[in-house]
Amino acid sequence: MLLNRYKNFHLIEQLDLVQDHCRIYNLMNGYEFPWDMTRSLEVALMRTYCVPSISKLLNQTGEFTHCPQKRYDDTSIIVGEMIKWGYDSDRGKEALQRMNALHGRFKIDNGDFLYVLSTFIFEPIRWNARFGWRLMCE
C-alpha cells in the first residue's frame, strides 16, 4: 500500500514539465493533494477578498451579501474544468472564456487579475510546504 502512495509522484517525475504541465497539475490536484489543494485554493480566494478594490467591486455587485456560496461554487466549477481537462482543451477553453466573460463586464485593473492568479499559484505551494503529506517536487 505504501509503495502505491508514491505512484503518482513517480509518474509526475517522469513527465515533461512544459509539455505535460496540465496533466501534472491535474494529478497534484485530484490525486496527490486533493484536500490540501482545495483548502489552499479557498485560502487563496479569501486572500483576494482582502484587496480593497476587489472587495469593493464584490460589494457593489452584491456577490458578498446575496450569493457568496454561488460565487464560490461557480469559481470552483470553472477552475475545476480547467484543472481536469487542461486550459488548452475544448472544455478548458470554454471554461476560460466563461471566466473572462463574467469578469469582462467590469472594469478590473490588470494588477488585480495578476494578484488573484498569483494567489492561485503560490498559495497551494505555501500550504503544501507547511501541511502537505509530502513536499511537491520541482
Side-chain angles (χ1 to χ4, degrees):
M1 185 67 165
L2 289 178
L3 292 177
N4 250 357
R5 184 172 185 140
Y6 290 92
K7 183 176 103 178
N8 288 315
F9 171 72
H10 295 306
L11 174 60
I12 289 168
E13 284 188 313
Q14 295 173 26
L15 294 173
D16 181 87
L17 297 176
V18 175
Q19 183 179 335
D20 301 318
H21 63 276
C22 288
R23 182 158 185 226
I24 291 169
Y25 195 73
N26 181 9
L27 288 167
M28 290 174 54
N29 188 73
Y31 301 95
E32 285 292 274
F33 310 106
W35 190 88
D36 294 295
M37 292 294 282
T38 299
R39 299 296 81 78
S40 66
L41 291 173
E42 288 171 347
V43 170
L45 197 57
M46 183 178 62
R47 289 174 73 97
T48 67
Y49 299 156
C50 298
V51 176
S53 55
I54 295 172
S55 60
K56 180 181 177 184
L57 178 61
L58 290 169
N59 186 52
Q60 288 173 344
T61 64
E63 292 289 316
F64 271 158
T65 54
H66 299 16
C67 53
Q69 186 64 52
K70 182 183 183 315
R71 187 178 192 287
Y72 173 86
D73 293 342
D74 289 347
T75 301
S76 181
I77 289 167
I78 290 172
V79 171
E81 284 290 297
M82 288 186 276
I83 291 171
K84 183 171 183 175
W85 303 105
Y87 60 84
D88 55 351
S89 70
D90 288 342
R91 287 179 71 155
K93 287 177 186 174
E94 188 176 331
L96 189 55
Q97 288 171 351
R98 180 69 180 141
M99 179 80 76
N100 287 335
L102 289 168
H103 291 89
R105 304 177 310 180
F106 306 102
K107 186 177 183 202
I108 301 174
D109 183 73
N110 193 53
D112 288 343
F113 280 123
L114 293 174
Y115 177 76
V116 171
L117 180 60
S118 73
T119 66
F120 276 62
I121 294 168
F122 293 111
E123 198 57 44
I125 295 169
R126 281 192 289 262
W127 178 283
N128 180 267
R130 187 162 181 201
F131 303 113
W133 70 270
R134 69 163 179 82
L135 293 176
M136 294 178 176
C137 57
E138 282 286 321

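Excluded from the calculations below are hydrogen atoms, water molecules and symmetry mates; all remaining heavy atoms, backbone and side chain alike, are included. Starting from 1, each residue takes its place in the sequence as its number.
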inquiry  = If I take atom CD from residue Gln69 and atom CG from residue Asp74, how far apart are they, to the nearest 0.5 angstrom?
reply    = 10.0 Å
note = d(Thr75 OG1, Lys70 NZ) to nearest 0.5 Å is 9.5 Å
query = Is the number of heavy atoms from other residues, nucleotides or ligands under 6.0 Å of Phe131 CZ greater than 12?
reply = yes
ask   = With the 4.5 Å side-chain cut-off for hydrophobic clustering, are Met28 and Leu17 part of the same group?
value = yes
message = Could you see if Ile125 belongs to whatever hydrophobic cluster contains Ile24? Use Ile, Leu, Val, Met, Phe, Trp, Tyr and a side-chain cutoff under 4.5 Å.
response = yes
task = Would you kindly say whether Tyr87 and Glu81 are connected by a side-chain donor-acceptor distance under 3.5 Å?
result = no
Gap between atom CG of Asp109 and atom CG of Leu57 - 0.5 Å precision = 11.5 Å
ask   = What pair of heavy atoms forms the shortest contact from Gly92 to Ser89, and how long is it?
value = N-OG, 2.9 Å
inquiry  = Under a 3.5 Å distance rule, please check whether Trp133 uses its side chain to pair with a backbone N or O of Glu32 as donor and acceptor.
reply    = yes
task = Provide the closest heavy-atom pair for Asp88 versus Cys22 in the form atom of the first, atom of the second, distance.
result = OD1-SG, 4.1 Å
query = With no hydrogens and no angle check, is any side-chain donor or acceptor of Asp36 less than 3.5 Å from a backbone partner on Gly132?
reply = no
task = Say whether Leu27 and Trp85 are linked into one hydrophobic cluster, either directly or through other cluster members, by side-chain heavy-atom distances under 4.5 angstrom.
result = no
message = With a 3.5 Å distance limit and no angle check, can you tell me whether His66 reaches the backbone of Glu63 through a side-chain donor-acceptor pair?
response = no
ask   = More than 12 non-hydrogen atoms from neighbouring residues, nucleotides or ligands closer than 6.0 Å to CD on Gln60, yes or no?
value = yes
Listed pairs under 3.5 Å, donor-acceptor, residues 115-124 side chains, sequence neighbours left out:
unit_1: Ser118; atom_1: OG; unit_2: Leu114; atom_2: O; d: 3.4
unit_1: Ser118; atom_1: OG; unit_2: Tyr115; atom_2: O; d: 2.7
unit_1: Thr119; atom_1: OG1; unit_2: Val116; atom_2: O; d: 2.7
unit_1: Glu123; atom_1: OE1; unit_2: Arg126; atom_2: NE; d: 3.4
unit_1: Glu123; atom_1: OE1; unit_2: Arg126; atom_2: NH2; d: 3.0

key: Common cluster, Met46/Phe113, ILVMFWY with side-chain heavy-atom separation under 4.5 Å   = no
inquiry  = To the closest 0.5 Å, what do you measure between OH (Tyr6) and CZ (Arg134)?
reply    = 7.5 Å
ask   = What's the spacing between Asp112 CG and His103 NE2 if we round to 0.5 Å?
value = 10.5 Å
inquiry  = A cation-pi test, strictly: NZ or CZ of Arg130 under 6.0 Å from the centre of the six-membered ring of Trp127 and no more than 45 degrees from its axis. Yes or no?
reply    = no
ask   = How about Tyr31 and Lys7: do any of their side-chain heavy atoms sit closer than 4.5 Å?
value = no
note = So OH of Tyr49 and CD1 of Ile54: to nearest 0.5 Å the spacing works out to 9.5 Å
inquiry  = When you measure from the side chain of Asp20 to the backbone of Asp16, do you find a donor-acceptor pair of N or O atoms at a distance under 3.5 Å?
reply    = yes
key: Joint hydrophobic cluster, Met136 plus Leu11, side-chain heavy atoms closer than 4.5 Å   = yes
task = Find out whether Ile12 and Cys137 are in side-chain contact, i.e. whether some heavy atom of one side chain is under 4.5 Å from a heavy atom of the other.
result = yes
ask   = Should Arg91 and Glu94 count as side-chain neighbours, where that means a heavy-atom distance under 4.5 Å?
value = no
inquiry  = So for atom CG, which belongs to Asp90, do other residues, nucleotides or ligands contribute more than 12 heavy atoms lying within a distance under 6.0 Å?
reply    = no
ask   = Should Phe106 and Thr61 count as side-chain neighbours, where that means a heavy-atom distance under 4.5 Å?
value = yes
ask   = Counting only heavy atoms not in Arg98, do more than 12 sit closer than 6.0 Å to its CZ atom?
value = no
query = Are Met99 and Val79 close enough that some pair of their side-chain heavy atoms sits under 4.5 Å apart?
reply = yes
ask   = Taking C-beta and beyond as the side chain, do Leu45 and Arg71 meet within less than 4.5 Å on heavy atoms?
value = yes
